[in-house]
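As structure tokens, the structure follows; a few thoughts come after it.
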Amino acid sequence: MSKKYYRFFGGLLKAQENWLNKMSEKGYRLIRTGRMLYEFEECKPNQSKYCVEFIGQKSKDGAKDYHDFFEDMGYKVFYKNINLNYSVGKVRWRPWAEKGGRIATNATTFNRELLIIEKENDGKPFELHTSHKDKENYYKSLRNPWLMILLMLAIFAVGNRSVVFGIFALISLIPVLVYQTQILKNRQDAKTKEW
Amino acid sequence: MRDNAKSGALTEVTFYILLSLYTPKHGYAVMQFIEEKTDGRLALGAGTLYGALNSLQDKGWIAPCRDSEGRKKEYLITTQGKEIAEKELVRLNELVRIAKGIIGGTA
């Protein structure tokens, strides 16, 4: 008996991760993902653990290589979209992506910005990033898209003298600050500790 | 913390990865090797391991190879990687010898 749920988490990666882990506690494991769809099958409670990873900054080959690496580790991996886009033949420039920006299309990483990684629960915590240096880099890849959104909205707000854009800009400042705090914290820790 | 090319001092993660790859291993086996040898003290996340393997590959200290079935990607230490690891062993031995002389070792 499979069970279907429809949810949209957007950029709230941690919320998505927590929800999947809650479902696992209740005895459901993920078997399929769609735009907003999460399909589960029944299993023993706490059989698996989940991590949600942002990969929007990677190239097509880079994302595939990362995906395959996790599969080789014995994890089950799902691609997931971060936004709700009903689109075909979409081409978008991502200036915040690695190596000074990349073009994302439907054939590459567009609508495949996230990986949901499932591990058989072995009682140990499931973390993908353990060293401070690596955490710093990962939080940077999370901050940069928000930083670009913030800059764009700020320019619109000032250019058009628009309060609405100003409010949106302030809202997008929140994730930038949250991730920036993590970056600085891990950078500081990386000076004296390896992990 | 980063690997210091001049003094040869390696981070623990780097040194353990190099040691684990004296025989070819895929990612999961590297992770298990490190966890076993350190009694679980050093448990690497898969994302961190991926980054570390890639940067060692860029440096030319390890190289990818295919396993016997040609499915999973395996890695093996290179000649250059072995030189680095051996240098680090010499450096650590010197350090231990001097430390024992001052602090007083059990030996």
N/O donor-acceptor pair under 3.5 Å between A:E194 side chain and B:E12 backbone: yes
Heavy-atom contact with chain A under 4.5 Å, split by part of B:V13: both
Hphob cluster co-occupancy, A:L13 + A:Y79, side-chain heavy atoms under 4.5 angstrom: no
Region of A:K124 that comes under 4.5 Å of a non-hydrogen atom in chain B: side chain
Minimum heavy-atom distance A:F70-B:G47, with the two atoms named: CE2-N, 4.1 Å
Pairwise side-chain contact, A:M73 with B:L49, heavy-atom cut-off 4.5 Å (strictly under): yes
Interchain contact, B:A29 with chain A, by part (heavy-atom threshold 4.5 Å): neither
A:W96 atom CH2, over 12 foreign heavy atoms within 6.0 Å: yes
Minimum heavy-atom distance A:D72-B:Y28, with the two atoms named: O-CB, 4.3 Å
Contacts of A:E127 that satisfy salt bridge (Lys or Arg N to Asp or Glu O under 4.0 Å) - sequence neighbours left out: none
More than 12 heavy atoms from other groups under 6.0 Å of NZ on A:K60: no
A:I117-A:F54 co-clustered via ILVMFWY side chain contacts under 4.5 Å: no
B:I84 reachable from B:L92 in the ILVMFWY side-chain graph, under 4.5 Å edges: yes
Interface residues of residues 158-167 of chain A facing chain B - heavy atom cut-off under 4.5 Å: none
In one Ile/Leu/Val/Met/Phe/Trp/Tyr side-chain cluster, 4.5 Å: A:I116, A:Y28: yes
Atom CZ of A:F168: over 12 foreign heavy atoms under 6.0 Å: no
Listed partners of B:Y50 passing ring pair (Phe, Tyr, Trp, His ring centres under 6.0 Å), at least two apart: A:Y66, A:F69
Under 3.5 Å: donor-acceptor pair, side chain of B:T48, backbone of A:D134: no
Which residues share a salt bridge (Lys or Arg N to Asp or Glu O under 4.0 Å) with B:K25, sequence neighbours left out: none
Heavy-atom contact with chain B under 4.5 Å, split by part of A:D65: both
B:Q32, part contacting chain A, at a heavy-atom distance under 4.5 Å: neither
Residue A:K64 excluded, over 12 heavy atoms near NZ under 6.0 Å: no
